[in-house]
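Excluded from the calculations below are hydrogen atoms, water molecules and symmetry mates; all remaining heavy atoms, backbone and side chain alike, are included. Residue numbering restarts at 1 for every chain, and letters A, B, ... go by the order of the sequence lines.
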Amino acid sequence: MSDNKNVRVRFAPSPTGALHIGGGHTALFNWLWARHNNGKFILRIEDTDLVRSTKEYEQTIMSGMKWLGLDWDEGPDIGGDYGPYRQSERLDIYRDYANKLVNEGKAYKDGEAIIFKVEPGQDISFNDIVYGQINVMSDGLKEQNSDKLKDIVIIKSDGMPTYNYAVVIDDHLMKMTHVIRGEDHISNTPKQILIYRALGWEVPTFAHLPMILGRDKKKLSKRHGATSIYEYRDMGYMPDSMFNFLALLGWSAGDDKEIFTRSQAAEWFELSRVTKKAAVFDFDKLNYINQEHLKALAPDVRLSMIKPFWIEAGLPVESHSDKYLEDALTLMAGRGRTAKEMAEFSDYFVSFEPVKARWTPEGLDKEKLNEFFKELFASPEWKAEALENIARNFIASHEGAKMKDYAMPLRFALTGMKVSPGIFEVAELMGKDECEKRVKFYFD
RNA sequence: GGUCCUAUCGUCUAGUGGCCUAGGACACAGCCCUUUCAAGGCUGCGGCGCGGGUUCGAAUCCCGCUAGGACCGCCA
């Protein structure tokens with residue numbers, strides 16, 4: 001971990017929707033850079049679009065960030081030395097600097113609006129940590145389908161500052177050392193540099209991040225399904241996994257390290273290792289990463305991840321001890337890619353009802369099976385190993401008997417599924433009484 | 001139309017002139033394990049967009065082409 005305590009970066013969402021994948025990705029990289037350097041991560045709300053911004057979305061975005069594990073050091077909710085952190089509360093500041101620009105002849109009024117004058121012939125190139133040298137002349141700042149140079153609106157007719165202007169004022173006043181944001185802002189950067197210069201301010205270091213694309217390689221949008229971070233939570237993806245997955249989009253530790261924790265990522269993170277190419281959001285990889293984290297969880301944490309999904313399915317979670325449920329999930333380790341799947345695949349541990357709803361015996365040799373079950377339940381100890389030994393002895397002593405002919409009916413009676421962890425281990429955990437109850441329901 | 005950006009297996013990427021007959025991961029296929037299915041182990045399939053240079057030597061540097069993309073809003 002390097003120690004550039006003066007590093008200050010920010011995530012500046014506009015509260016016009018929930019925290020989406022792209023926003024979470026940007027926030028994550030800023031957080032990573034701040035934590036890597038032991039610097040500060042600031043949250044600023046860009047709510048200058050009066051029509052679309054709401055306090056509800058502001059809350060949703062903040063809780064989305066918390067869910068991902070991205071904590072900030074300064075922000076509208078906790079304050080800080082450079083507030084306020086909501087643009088709608090900084091209107092006087094924007095107005096003052098705009099007037100200054102007008103007085104210096106660098107901007108002009110147009111009705112209620114204030115427009116920044118773009119002069120031709122200026123070199124507004126900059127060096128991006130990710131993209132390298134980007135060369136631009138102000139002469140290229142044209143109006144669409146025209147040769148006319150396009151001046152920059154800085155204060156709108158409604159008195160609110162525009163993005164390209166407010167972002168400069170705030171980033172400077174909030175002492176940002178690095179501006180880390182999506183690649184779609186590269187073209188905005190030269191305009192912002194013009195404003196920094198007009199105000200006589202030092203330009204921060206820029207680092208643009210590659211975009212995130214859908215399977216069809218188009219910019220990620222609602223068409224691709226889930227775009228809000230919360231939708232992933234509801235699908236059973238865990239915050240650790242989303243963090244891990246998002247961190248891998250456009251960055252790698254460079255040492256085949258793919259499954260990691262937040263603190264490991266913060267330790268290894270380097271802006272200079274961020275890639276330039278837009279990355280496709282790959283569900284298969286997300287699933288894999290989620291599964292890995294699911295496997296690695298401590299039993300009590302795993303239970304806390306799965307429980308909500310059992311409850312949602314109406315299962316009587318409260319009638320079991322946490323220990324029992326944790327053990328059940330430990331047995332399930334490696335099964336299911338999401339918390340939701342794992343909950344679905346393990347419902348029989350919580351209740352016999354779903355089993356009954358799923359399975360009805362058909363075409364089985366009940367006589368033989370009853371003989372088998374009788375021996376099984378006569379076992380002096382209800383342990384997986386003992387039960388399996390009984391089964392093997394039974395098979396050895398019966399001509400033509402196969403393990404699967406007995407293990408599968410047992411599995412179905414206990415779980416209602418054709419797939420489960422080792423059935424004798426399941427039986428041990430469920431306990432003799434419960435197993436007997438289930439088997440007797442179907443046989444005998 | 002203008003400005004800018006990008007280009008390694010299907011996907012995420014390693015790679016910064018020789019260690020590359022291009023490495024890893026996901027996905028996919030096969031095998032092993034096995035009471036089922038996962039997990040795990042092993043094997044396989046599969047890529048430097050094209051064309052020119054520079055160089056003893058290029059995935060790596062330069063030019064062109066092609067293909068994607070971003071921005072050009074009193075949205076952010």
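The base of B/rC4 is not paired with the side chain of A/Ser187 by any donor and acceptor separated by under 3.5 Å. Judged by distance alone with a 3.5 Å cut-off, a donor-acceptor contact links the side chain of A/Lys285 to the base of B/rA25.
Side-chain proximity of A/Lys277 to B/rC74, B/rC12, B/rA27: nearest is B/rC12. Among the nucleotides B/rU35, B/rC4, B/rU13, the one closest to any side-chain atom of A/Ile186 is B/rC4. Minimum atom distance to the side chain of A/Lys150 is reached by B/rC74, of the listed B/rC74, B/rG10, B/rA70. Of all nucleotides listed (B/rC26, B/rG23, B/rA14), B/rC26 comes nearest to the side chain of A/Asp284. Out of B/rU11, B/rC72, B/rC74, the shortest distance to the side chain of A/Lys156 is found at B/rC74. The A/Ala279 side chain lies nearest to B/rU13 when the options are B/rU13, B/rC4, B/rA39.
Pairing for B/rU55 is absent, with no Watson-Crick or G-U wobble pair whose two atom distances lie under 3.5 Å. Using Watson-Crick or G-U wobble geometry with both donor-acceptor distances under 3.5 Å, B/rA25 finds its partner in B/rU11.
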Output, in order, the C-alpha distance, side-chain angles, deciding distance and verdict of salt bridge (charged side-chain N to carboxylate O under 4.0 Å, His left out) for A/Lys368 and A/Glu371. CA-CA 5 Å; A/Lys368 274 254 175 60; A/Glu371 194 185 332; over 6 Å; no
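Nearest-nucleotide positions on RNA chain B for A/Glu292 and A/Gln133 put A/Gln133 closer to the 5' end. Map A/Met137 and A/Arg392 each onto its nearest nucleotide of RNA chain B; the residue landing nearer the 5' end is A/Met137.
Nucleic acid contact class of A/Lys257 (heavy atoms, under 4.0 Å, all strands): none.
Nucleotides B/rU16 and B/rU54 place their P atoms 24 Å apart, quoted to the nearest Å. Of the P atoms belonging to B/rU43 and B/rC26, the separation is 14 Å, rounded to the nearest Å. Comparing B/rU36 with B/rC31, their P atoms are spaced 14 Å from each other, to the whole Å.
A donor atom on one side chain and an acceptor atom on the other are found under 3.5 Å apart for A/His36 and A/Glu270. Side-chain atoms of A/Tyr163 and A/His185 include a donor-acceptor pair closer than 3.5 Å.
A/Tyr85 pairs with exactly one of A/Ile42, A/Asp170, A/Asp77 by the side chain to side chain contact (heavy atoms under 4.5 Å, CB included) rule, that one being A/Ile42.
Looking at A/Glu104 and A/Lys106, a side-chain N of the basic residue comes within less than 4.0 Å of a carboxylate O on the acidic one, giving a salt bridge. Ion pair A/Arg337/A/Glu341 not flagged as a salt bridge, since none of the NZ, NE, NH1 or NH2 atoms sits closer than 4.0 Å to an Asp/Glu carboxylate oxygen.
Taking the centre and axis of the six-membered ring of A/Phe352, the NZ or CZ atom of A/Arg438 falls outside the cone set by 45° and 6.0 Å.
Of the residues in residues 403-416 of chain A, those lying under 4.0 Å from RNA chain B by heavy-atom distance are A/Met403, A/Lys404, A/Ala407, A/Met408, A/Arg411.
Taking side-chain N and O atoms only, A/Thr275 has a distance below 4.0 Å to OP1 or OP2 of B/rU13. Applying the 4.0 Å criterion to OP1 and OP2 of B/rA76, one finds that A/Tyr163 has every side-chain N and O outside that range.
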